[in-house]
Amino acid sequence: ILMTSRVPTLWLLGDLDASVPAFASARVLDSIRAAGNTRHTVVRYPNANHGLRVAATGEALQVWHQIRTWLDQIGVLAPSR
């Protein structure tokens with residue numbers, strides 16, 4: 001379904017995720033992009049876990065700016081001023 005989906009998706013992946021290996025998810029999404037479907041955006045956080053927290057400290061990542069920027073880019077929100 002992801003291969004043919006034209007719905008934009010944003011994937012925020014923590015590289016230190018012990019539940020869902022980020023490298024495997026990124027590999028699948030990269031292959032979809034290579035096949036011509038560029039609707040999927042992947043952002044990887046090298047020090048983050050599954051909860052998008054810094055694995056060493058438990059501090060939450062500040063991902064809302066990334067999400068807002070992506071929503072602006074795909075035209076869902078009016079660009080921030």
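Predicted, not measured: the structure shown is a model, and the values here were computed from it.
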Taking the side chain as every heavy atom from C-beta outward, state whether Y45 and L13 have any pair of such atoms under 4.5 Å apart.
no

Taking I67 as the starting point, is it possible to reach V43 by hopping between hydrophobic residues whose side chains are less than 4.5 Å apart?
yes

Closest non-hydrogen atoms of P8 and I74, given as atom of the first, atom of the second and distance, are CB-CD1, 4.0 Å

Distance-only polar pair, side chains of S25 and W11, donor-acceptor under 3.5 Å
no

Set out, in order, the CA-CA distance, both residues' side-chain angles and the distance that settles side chain to side chain contact (heavy atoms under 4.5 Å, CB included) for T9 and R39, then state yes or no.
CA-CA 6 Å; T9 60; R39 294 299 215 156; over 6 Å; no

Could you walk me through whether L29 and L2 pass side chain to side chain contact (heavy atoms under 4.5 Å, CB included), step by step?
CA-CA 8 Å; L29 293 163; L2 280 176; 4.3 Å; yes

Applying a strict under-4.5 Å side-chain criterion to I, L, V, M, F, W and Y, I'd like to know whether V63 and V42 cluster together.
no

All side-chain contact (heavy atoms from CB on, under 4.5 Å) counterparts of L16, not counting sequence neighbours
A55

Hey, could you give me the CG/CZ distance between D17 and R44, rounded to the nearest 0.5 Å?
11.0 Å

Say whether L52 and V20 are linked into one hydrophobic cluster, either directly or through other cluster members, by side-chain heavy-atom distances under 4.5 angstrom.
no

Closest approach of A22 and G14, non-hydrogen atoms and distance?
CB-O, 3.4 Å

Could I get the full list of side-chain contact (heavy atoms from CB on, under 4.5 Å) partners for T38, not counting sequence neighbours?
R33

Quick one: does any side-chain atom of H40 pair with a main-chain N or O of R6 as donor and acceptor, under 3.5 Å?
no

Without swapping roles, check the side chain of N49 against the backbone of R53 for a donor-acceptor pair under 3.5 Å.
yes

Following the transitive rule for hydrophobic clusters with a side-chain heavy-atom cut-off under 4.5 Å over Ile, Leu, Val, Met, Phe, Trp and Tyr, establish whether L71 and L61 coincide in one cluster.
yes

Within this structure, what is the CD-CH2 distance for the pair Q62 and W64, rounded to the nearest 0.5 Å?
10.5 Å

Among the clusters formed by ILVMFWY side chains lying less than 4.5 Å apart, do L12 and W70 turn up in the same one?
yes

When rounded to the nearest 0.5 angstrom, what is the spacing between CG in D15 and CG in N47?
8.5 Å

Would you check if the side chain of S5 reaches a backbone N or O of I1 as a donor-acceptor pair within less than 3.5 Å?
no

